[in-house]
Amino acid sequence: MKNDSAMKLLVLPGDGIGPEIVDQTLRVVNWFTENAGLTIEIDYGLAGGASIDDCGVPLSDEVFAKAKASDAVLFGAVGGPKWDALPRASRPEMGILRLRKGLDLYANLRPAISFSALLGASALRPEIVRDLDILIVRESTAGVYFGEPRGIVTSADGARAATDTQAYHENEIKRVCEVAFELARARNSRVCSVDKANVMETGALWRAVTTEFGNQNPDIELSHMYADNCAMQLVRAPKQFDVIVTDNLFGDILSDQAAALTGSLGLLPSATIAHGAAGQKFGVYEPIHGSAPDIAGKGIANPIATILSFAMCLRISLDASREAALLEEAVRLALSGGIRTPDIAAPGEKTVSSAGMTDAILSRLNDLSLKREA
Ligand code: NAD
């Protein structure tokens, strides 16, 4: 870690399996405060359906203010059948959108990592996904999901027409490039920028700005690819990529596609970040999956996606890369040791509970830290 001051972590467990997987992750957070010299001050808040039940909104002003005052947020998952009938604007999922938009978290990071112990879970052949490690950096506060004008109008003859607007300012492109390039520096120093510069004005601007940025940062090997080709290359030869940087819409689609390559919803973390003052990076860290109401309350949810989200938090918001790598290694070892929650077990394989998986990860953390000390 860069400095010794306590890091403020706001924990928003949410709904369904959210509180279960967050509880398990907090056992891991405690391990790091007790064994790795990290000082983390934890505060809690309600989000999603739990917040709607408590105060009528998916994220209260009070919780938003707490998030703003913290260094990072660990988010579980929100939503569930109880709130499905609510209008879109007041649904549980709006809680996370309020955080992203309100805190200007413009870079959504989605790693797609394959675990060798689980290669059989991918729909692709093992040799195509073995050792896969891609990071998709998606612009997340602009583009077609936010552009104006938008809406559906009905003309005099009763026919409806819909409009969305894809718009980008060059600063919005540049700042997400900065994040992608910086993260690439800690990986294999390659960034592939994905756009539709051949048919879209925003694509042409995207390519011009990323090219200029690449020229100013020659330590990173920058390439460009059209989004349709990228979708094809992700299933044909995904290992050619290191970091992919792209706009909101393409990033939404391509990051789901990349995640599916690994075949493991319960294993994949995410971060949504922004550069703060003095270079600190505030981030919201959360699993890519939802609240899984079908298994909530059973104690069998896989906590790994949330635990690996905390590893991203260690690396990005706490500048604790060594500790992040230790945690990622402990997860890898637990999986290669055959520990399985039901979602990743092959038929007939022995399974453990959420707590059992966390026990296995904590035990590997103890072994690894003893080895380091020896
Ligand atoms: P989901 O991701 O919750 O579940 C899909 C399937 O994957 C289910 O069978 C579930 O049991 C399984 N699954 C998911 N996470 C798992 C884990 N950690 N361990 C084991 N199995 C796991 O998606 P869904 O069913 O489409 O959505 C359920 C609710 O979650 C909805 O209300 C949806 O709106 C919400 N949602 C929230 C977020 C979020 O909070 N960021 C994201 C996606 C969906």
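As the structure is a prediction and not an experimental result, all values here were calculated from the model. Counting starts at 1 for both ligands and their atoms, in listed order.
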Quiz item: Nearest protein heavy atom to atom 31 (C) of ligand 1, by residue and atom, and its distance?
Solution: E93 OE2, 4.1 Å
Quiz item: At a non-hydrogen distance cut-off of under 4.0 Å, which region of D343 contacts ligand 1 (side chain, backbone, both, or neither)?
Solution: side chain
Quiz prompt | Ionic contact status for K68 with D61, cut-off 4.0 Å | solution = no
Quiz prompt | Co-membership, hydrophobic cluster, residues I244 and Y168, 4.5 Å side-chain | solution = no
Self-check item: Closest to atom 21 (N) of ligand 1 (judged by heavy-atom distance), picking from N302, T341, I295, D15
Solution: I295
Practice problem: Quick one: look up the protein heavy atom nearest atom 9 (O) of ligand 1 and list residue, atom name and how far away it is. | Solution: D294 OD2, 2.9 Å
Self-check item: Ion pair check, R185 and E221, cut-off under 4.0 Å
Solution: no
Quiz item: Is the shortest side-chain N to carboxylate O distance from D252 to R110 below 4.0 Å?
Solution: no
Self-check item: Carboxylate-amine/guanidinium contact K196 D228, below 4.0 Å
Solution: yes
Quiz prompt | Polar atom proximity, A292 to ligand 1 (N or O, under 3.5 Å) | solution = yes
Quiz item: For ligand 1, is any non-hydrogen atom under 4.0 Å from P293's backbone (N, CA, C, O), its side chain (CB onward), both, or neither?
Solution: side chain
Quiz item: Which atoms of ligand 1 sit under 4.0 Å from any heavy atom of A301?
Solution: 19 (N)
Exercise. Please confirm whether A305 comes under 4.0 Å of ligand 1, counting heavy atoms of the residue only.
Key: no
Practice problem: Using the ring-ring contact (aromatic ring centres under 6.0 Å, His included) rule, take F75 and Y285 through it: C-alpha gap first, then chi angles, then the decisive distance, then the call. | Solution: CA-CA 6 Å; F75 197 91; Y285 299 88; over 10 Å; no
Quiz item: Is it the side chain (CB and beyond), the backbone, both or neither of I300 that lies under 4.0 Å from ligand 1, heavy atoms counted?
Solution: neither
Quiz item: For ligand 1, which atoms have a heavy atom of E286 less than 4.0 angstrom away?
Solution: 41 (N)
Quiz item: For I96, is the nearest heavy atom under 4.0 Å from an atom of ligand 1?
Solution: no
Quiz prompt | Ion pair E182/K281, N-O distance below 4.0 Å | solution = yes
Quiz item: Of the protein's non-hydrogen atoms, which lies at the shortest distance from atom 44 (C) of ligand 1, and what is that distance?
Solution: G290 CA, 3.5 Å
Self-check item: N-O pairing of D15 and K82 below 4.0 Å
Solution: no
Quiz item: Hey, is atom 25 (O) of ligand 1 touched by any protein heavy atom at less than 4.0 Å?
Solution: no
Quiz prompt | NZ/NE/NH1/NH2 to OD/OE distance under 4.0 Å, E328 and R315 | solution = yes
Quiz item: Can we say K66 and D43 salt-bridge, meaning some charged N sits less than 4.0 Å from an Asp/Glu carboxylate O?
Solution: yes
Quiz item: Relative to the heavy atoms of G80, which atoms of ligand 1 are at a distance of less than 4.0 Å?
Solution: 32 (O)
Exercise. Determine whether the side chain, the backbone, both or neither of V78 has a heavy atom under 4.0 Å from any heavy atom of ligand 1.
Key: both
Exercise. Mark up the atoms of ligand 1 that fall under 4.0 Å of a heavy atom belonging to G79, in ascending order.
Key: 32 (O)
